[in-house]
Amino acid sequence: MATNNNIQQEEEESKKFVPSNEFVLQKHASFFDRNHDGLIYPWETFKGFRAIGSGIALSTVASLFINITLSGKTRPGKFPHLLFPIEIKNIQRGKHGSDTGVYDDQGRFVASKFEELIAKHAHTYPDAMTGKEVRELLRANRTGSFLNGWVGAMAEWLVLYNLAKDKRGLLTKDTIRDVYDGSLFERLEKEHSSSKKKHSSA
């Protein structure tokens, strides 16, 4: 019995999608792939947002907007799918206008672009951005169509700022760096889960 269970577990593990270490954008997106099959459905996006502390309304709107916007782009040559799945292996195809350029066209992290971003917009502190500076960043990078660029970038950065700012109201350089490879999402999930446990036991 134990052998059969081990075999079954190994088969399940082999079916899991493993994001690329080189193409960091895959790791960023994979947090929302809650069953690790390489596809992100709207309900998984919703669960991911809830896991990091977003409210029901924001999580609902974000899941619909993100999946409807990215599904077709990440499924090239395929018919539209009524459930709007996102294929993580093609997530780089979903890059929108008004982004920062920290991901290249293949979804790799560009360290020089990241350092340039911080140096250009972190005026008050060398290693953090205020809410005002985040808004300045959004204005400076605003390109492309309204729906494909501005809204996506605005939503990403404002959600990031509201969920991950520190007690001083600052979005630190380390926090911003961690969002690019998805490790920030994992940390926020642990913090949110721990906070819920404390409240439930109080």
Just wondering, do Thr175 and Asp166 contact through their side chains at under 4.5 Å, heavy atoms?
no
Would you say the side chain of Phe31 lies within less than 4.5 Å of the side chain of Ile52, judging by non-hydrogen atoms?
yes
Salt-bridge test for Glu189 and Lys47: reply yes if a basic N is under 4.0 Å from a carboxylate O, no otherwise.
no
For a quick test of reading the model, state the closest non-hydrogen atom pair linking Ala51 to Arg34 and the distance between them.
CB-NH2, 3.7 Å
Strictly distance-based, threshold 3.5 Å: is any side-chain N or O of Asp33 a donor or acceptor partner for the main-chain N or O of Gly38?
yes
Mind checking the CD1-CD1 spacing from Ile91 to Ile40? Nearest 0.5 Å is all I need.
5.5 Å
Can you name the nearest heavy-atom pair linking Gly169 to Tyr161, along with the distance?
O-OH, 2.7 Å
Please verify the inter-ring angle class for Phe109 with Phe114; under 30° counts as parallel, over 60° as perpendicular, anything in between as tilted.
tilted
For Ser71, is there any backbone N or O sitting under 3.5 Å from a side-chain donor or acceptor partner on Thr74?
yes
Should Val24 and Leu70 be counted in the same cluster of Ile, Leu, Val, Met, Phe, Trp and Tyr side chains packed under 4.5 Å apart?
yes
Student check: side-chain heavy atoms of Thr124 and Glu133 closer than 4.5 Å
yes
For the CZ atom of Arg177 and the CD atom of Glu115, what is their distance to the nearest 0.5 Å?
9.5 Å
Nearest 0.5 Å please: distance from the CG atom of Leu160 over to the CE atom of Met129.
8.5 Å
When every non-hydrogen atom of Pro76 is compared with those of Asn90, the smallest separation belongs to CD-ND2, 3.8 Å
Are Lys73 and Gln92 close enough, and set up right, to give a side-chain contact (heavy atoms from CB on, under 4.5 Å), and what steps lead you there?
CA-CA 9 Å; Lys73 294 178 180 179; Gln92 77 280 358; over 6 Å; no
Thr172 and Asp174: side chain donor to acceptor below 3.5 Å
no
Would you name the heavy atoms of His28 and Val179 that are closest together and state the gap between them?
ND1-O, 2.6 Å
Is there side-chain contact between Leu58 and Val159, with heavy atoms separated by less than 4.5 Å?
yes
Would you say that Leu171 contacts Val134 through its side chain, given a criterion of any heavy-atom pair below 4.5 Å between the two side chains?
yes
In the structure I gave you, are the side-chain heavy atoms of Pro85 and Arg75 within less than 4.5 Å of one another anywhere?
yes
How long is the span from the CD atom in Glu44 to the OG atom in Ser63, to the nearest 0.5 Å?
11.0 Å
Would you say Arg135's side chain and Arg139's backbone share a donor-acceptor pair under 3.5 angstrom?
no
Worked verdict on Leu39 versus Ile88 for side-chain contact (heavy atoms from CB on, under 4.5 Å):
CA-CA 6 Å; Leu39 299 172; Ile88 298 176; over 6 Å; no
Stepwise, does the side-chain contact (heavy atoms from CB on, under 4.5 Å) test hold for Glu191 with Arg187?
CA-CA 6 Å; Glu191 291 174 358; Arg187 175 160 60 84; 3.5 Å; yes
Show the nearest heavy-atom pair for residues Ala128 and Leu170, with the distance to one decimal.
CB-CB, 4.0 Å
For the CD1 atom on Ile56, are there more than 12 heavy atoms of other groups (residues, nucleotides or ligands in this structure) within a distance under 6.0 Å?
no
Does any donor atom in the side chain of Tyr180 or Thr100 lie under 3.5 Å from an acceptor atom in the other side chain?
yes
Joint hydrophobic cluster, Phe46 plus Phe32, side-chain heavy atoms closer than 4.5 Å
no
Provide the closest heavy-atom pair for Leu25 versus Lys95 in the form atom of the first, atom of the second, distance.
CD2-CG, 4.3 Å
Are any of the side-chain heavy atoms of Gln106 and Phe23 separated by less than 4.5 Å?
yes
NE2 of His123 to NZ of Lys132: how many Å apart, nearest 0.5 Å?
9.0 Å
Inspect the contact between Glu136 and Arg142 and indicate whether a charged nitrogen and a carboxylate oxygen are less than 4.0 angstrom apart.
no
Hydrophobic clusters here meaning ILVMFWY residues chained together by side-chain heavy-atom distances under 4.5 Å, can you tell me if Val110 and Ile176 are in one?
no
Greater than 12 external heavy atoms within 6.0 Å of Lys165's NZ:
yes
side-chain contact (heavy atoms from CB on, under 4.5 Å) between Phe17 and Gln26, worked out:
CA-CA 10 Å; Phe17 174 81; Gln26 289 186 10; 3.7 Å; yes
Can you check whether Phe84's main-chain N or O pairs, donor with acceptor, with Asn67's side chain at less than 3.5 Å?
yes
What about Phe49 and Tyr41, same hydrophobic cluster or not, with Ile/Leu/Val/Met/Phe/Trp/Tyr joined at side-chain heavy-atom distances under 4.5 Å?
no
Is it true that Lys190 and Glu186 have a side-chain N and a carboxylate O under 4.0 angstrom from each other?
no
Measure from the side-chain N and O atoms of Ser59 to the backbone N and O of Gly55, and report whether any donor-acceptor pair falls under 3.5 Å.
yes
Is any side-chain heavy atom of Leu138 closer than 4.5 Å to a side-chain heavy atom of Leu158?
yes
Dump the intermediate steps for salt bridge (charged side-chain N to carboxylate O under 4.0 Å, His left out) on Glu87 and Lys78, then the final yes or no.
CA-CA 11 Å; Glu87 290 194 12; Lys78 296 181 180 179; 2.5 Å; yes
From Leu163 CG over to His192 NE2, what is the distance, rounded to the nearest 0.5 angstrom?
9.5 Å
Backbone N or O of Gly182 within a donor-acceptor pair of the Asp178 side chain at under 3.5 Å?
no
